[in-house]
Amino acid sequence: MSVQVTKFKCGGAVVGCTFDHRVCDAYSFNMFLVAWAAAARGTSIPLPPSFNRSFLAPSSPPPSCTAGTLADRLFLPVSLVPPPPATAAPPTAFNRIYHVAAADVAALQASAGPGRTKLEAFTAHLWQLYSRAATPRQDSCCMGVVVDGRGRLCPDGAMRPYFGNVLTIPYGAFGAADLRDMALADVAEDVHRWVAEAATGEHFQGLVDWVEAQRPEPTVARAYIGGGDDDGGEGETASCVVSSGLRLPFGEVDFGWGRPAFASYHFPWPGGAGYVMPMPSARGGGDWVVYVHAAPEVVKVMEEEPTVFRAPVSSDIFG
């Protein structure tokens with residue numbers, strides 16, 4: 001981990017941290033930030049971490065075959081990842097922070113139909129923006145959502161303090177033209193379907209067993225590389241993954257100076273897939289702060305739409 005503190009003449013400061021995702025996920029790192037802040041204030045750690053790896057023990061006896069399971073459909077050994085074209089240029093991406101008003105979040109959820117969560121509605125909207133931004137060579141769009149497995153593997157809450165990585169990434173894919181013509185409610189219904197399929201203890205145990213069967217070869221989520229197997233066609237796939245930070249308690253990261261005015265994550269990874277992370281505004285009220293790592297054409301479409309994605313202004317942060 002690296003930490004950098006930048007002080008300003010006004011008396012404020014920014015605390016920036018980097019960490020390796022192979023060690024822990026954002027849920028775990030936020031546990032660390034809350035504990036660090038509690039120690040700085042001289043108070044007890046609210047949730048002491050658990051390093052009990054037996055939570056992720058493979059099945060005994062192991063399954064006779066892991067091929068064809070949901071885990072096998074969502075992840076891939078790196079040796080099977082299709083290489084990029086020899087003439088392909090390195091992907092270009094922009095990094096942006098947007099402010100999304102609570103009213104716009106509510107409007108998206110209402111348009112997505114009954115029973116849909118705010119995140120499902122937001123993901124469906126983003127997926128359609130990707131279809132509008134698709135280049136002539138991109139004939140399909142793949143959207144993934146990061147799902148935390150702690151509450152699925154242990155509904156009794158025993159894994160709540162677990163420090164590490166407990167994630168899966170289900171995804172969906174549509175033709176770009178088809179996606180543009182769909183109603184938001186239909187897109188949100190599809191998002192709900194494949195997220196719900198992966199949000200089970202059975203899938204996460206199957207994922208543990210699948211990873212065990214692949215050892216020692218590392219694996220990659222298919223959502224980052226366009227979804228399913230390469231069909232040999234010439235078309236490309238525009239891909240993005242949404243990782244929700246909406247439950248991260250940023251207000252508890254108080255080092256003794258008071259609640260933070262702003263908090264966000266930054267994920268400038270070198271791959272071609274986009275990465276979007278909505279988080280609650282530190283001011284509360286239901287507004288979101290959304291970090292976006294995406295291709296220039298996607299950012300252009302986001303910023304041209306009249307609602308949802310808006311550049312933050314001082315009043316969004318400081319009131």
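Residues: numbered from 1 along the sequence shown. Since the model is a prediction, treat every value here as computed from it, not as a measurement.
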If you compare all heavy atoms of [X] against all heavy atoms of [Y], which two are closest, and at what distance to 0.1 Å?
{"X": "F174", "Y": "D190", "result": "CE1-OD2, 3.6 Å"}
{"X": "F75", "Y": "L167", "result": "CZ-O, 4.5 Å"}
{"X": "S239", "Y": "A223", "result": "CB-O, 3.6 Å"}
{"X": "V253", "Y": "P260", "result": "O-CD, 3.6 Å"}
{"X": "I317", "Y": "R283", "result": "O-CD, 3.3 Å"}
{"X": "V301", "Y": "A133", "result": "CG2-CB, 3.6 Å"}

When you measure from the side chain of [X] to the backbone N and O of [Y], does any donor-acceptor pair fall under 3.5 Å?
{"X": "S111", "Y": "A107", "result": "yes"}
{"X": "R116", "Y": "Q109", "result": "no"}
{"X": "D20", "Y": "M1", "result": "no"}
{"X": "D209", "Y": "S59", "result": "yes"}
{"X": "E217", "Y": "S79", "result": "yes"}
{"X": "R152", "Y": "D148", "result": "yes"}
{"X": "R150", "Y": "Y27", "result": "no"}
{"X": "H99", "Y": "V313", "result": "no"}
{"X": "E252", "Y": "A35", "result": "no"}
{"X": "E120", "Y": "T117", "result": "yes"}

Any [X] side-chain heavy atom under 4.5 Å of [Y] side chain:
{"X": "V145", "Y": "V241", "value": "no"}
{"X": "V299", "Y": "F309", "value": "no"}
{"X": "N165", "Y": "H21", "value": "yes"}
{"X": "Y291", "Y": "N95", "value": "yes"}
{"X": "V14", "Y": "F8", "value": "yes"}
{"X": "R96", "Y": "M302", "value": "no"}
{"X": "V292", "Y": "F94", "value": "no"}
{"X": "V15", "Y": "W257", "value": "yes"}

Worksheet item: Within a reach of under 6.0 Å around CZ of R41, are more than 12 heavy atoms found that belong to other residues, nucleotides or ligands?
Response: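 Check passes, neighbour count above 12.
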Worksheet item: Do other residues, nucleotides or ligands put more than 12 heavy atoms under 6.0 Å from the CD atom of E202?
Response: no
Kindly compute the distance separating [atom1] ([X]) from [atom2] ([Y]), expressed to the nearest 0.5 Å.
{"X": "F55", "Y": "C154", "atom1": "CZ", "atom2": "SG", "answer": "5.0 Å"}
{"X": "L179", "Y": "M143", "atom1": "CG", "atom2": "CE", "answer": "8.5 Å"}
{"X": "C141", "Y": "E236", "atom1": "SG", "atom2": "CD", "answer": "12.0 Å"}
{"X": "L248", "Y": "N30", "atom1": "CG", "atom2": "CG", "answer": "4.5 Å"}
{"X": "L153", "Y": "H203", "atom1": "CG", "atom2": "NE2", "answer": "9.5 Å"}

Under 3.5 Å, is there a donor on one side chain and an acceptor on the other for [X] and [Y]?
{"X": "T237", "Y": "Q138", "answer": "no"}
{"X": "N52", "Y": "S50", "answer": "no"}
{"X": "D72", "Y": "T69", "answer": "no"}

Item to complete: Verify the ring-centre separation between Y98 and W288: is it less than 6.0 angstrom?
Response: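 Aromatic pair excluded; centres sit 6.0 Å or further apart.
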Discussion item. For V146 and V242: C-alpha separation, side-chain torsions, deciding distance, then whether side-chain contact (heavy atoms from CB on, under 4.5 Å) applies.
Written reply: CA-CA 6 Å; V146 176; V242 175; over 6 Å; no
Worksheet entry | salt bridge (Lys or Arg N to Asp or Glu O under 4.0 Å) between E212 and R215, worked out | CA-CA 5 Å; E212 191 70 17; R215 289 185 184 277; 2.9 Å; yes
Following the transitive rule for hydrophobic clusters with a side-chain heavy-atom cut-off under 4.5 Å over Ile, Leu, Val, Met, Phe, Trp and Tyr, establish whether [X] and [Y] coincide in one cluster.
{"X": "Y265", "Y": "L119", "value": "no"}
{"X": "F19", "Y": "M277", "value": "yes"}
{"X": "Y275", "Y": "V298", "value": "no"}
{"X": "F250", "Y": "I45", "value": "no"}
{"X": "L108", "Y": "L246", "value": "yes"}

Discussion item. With salt bridge (Lys or Arg N to Asp or Glu O under 4.0 Å) as the rule and sequence neighbours excluded, what pairs involving residues 305-316 come up?
Written reply: R310-D316
Fill in: Of all pairs that satisfy ring pair (Phe, Tyr, Trp, His ring centres under 6.0 Å), the ones with a partner from residues 130-168, not counting sequence neighbours
F51-F163
Fill in: Salt bridge flag under 4.0 Å for residues R193 and E189
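Between E189 and R193 there is no salt bridge, as every charged N stays at least 4.0 Å from the carboxylate O atoms.
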Practice prompt. Go through the steps for R180 and R132 under the test side-chain contact (heavy atoms from CB on, under 4.5 Å), then give the verdict.
Written response: CA-CA 6 Å; R180 285 191 291 269; R132 287 165 49 189; 4.2 Å; yes
Discussion item. As a quick check of understanding, evaluate side-chain contact (heavy atoms from CB on, under 4.5 Å) for L56 and R53, giving each step before the final call.
Written reply: CA-CA 6 Å; L56 301 180; R53 302 307 184 205; 5.8 Å; no
Worksheet item: For A311, what residues pass the side-chain contact (heavy atoms from CB on, under 4.5 Å) criterion, not counting sequence neighbours?
Response: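 Here no residue qualifies.
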Discussion item. side-chain contact (heavy atoms from CB on, under 4.5 Å) for I97 and M279? Distances and angles first, verdict last.
Written reply: CA-CA 11 Å; I97 295 287; M279 288 153 284; 5.9 Å; no
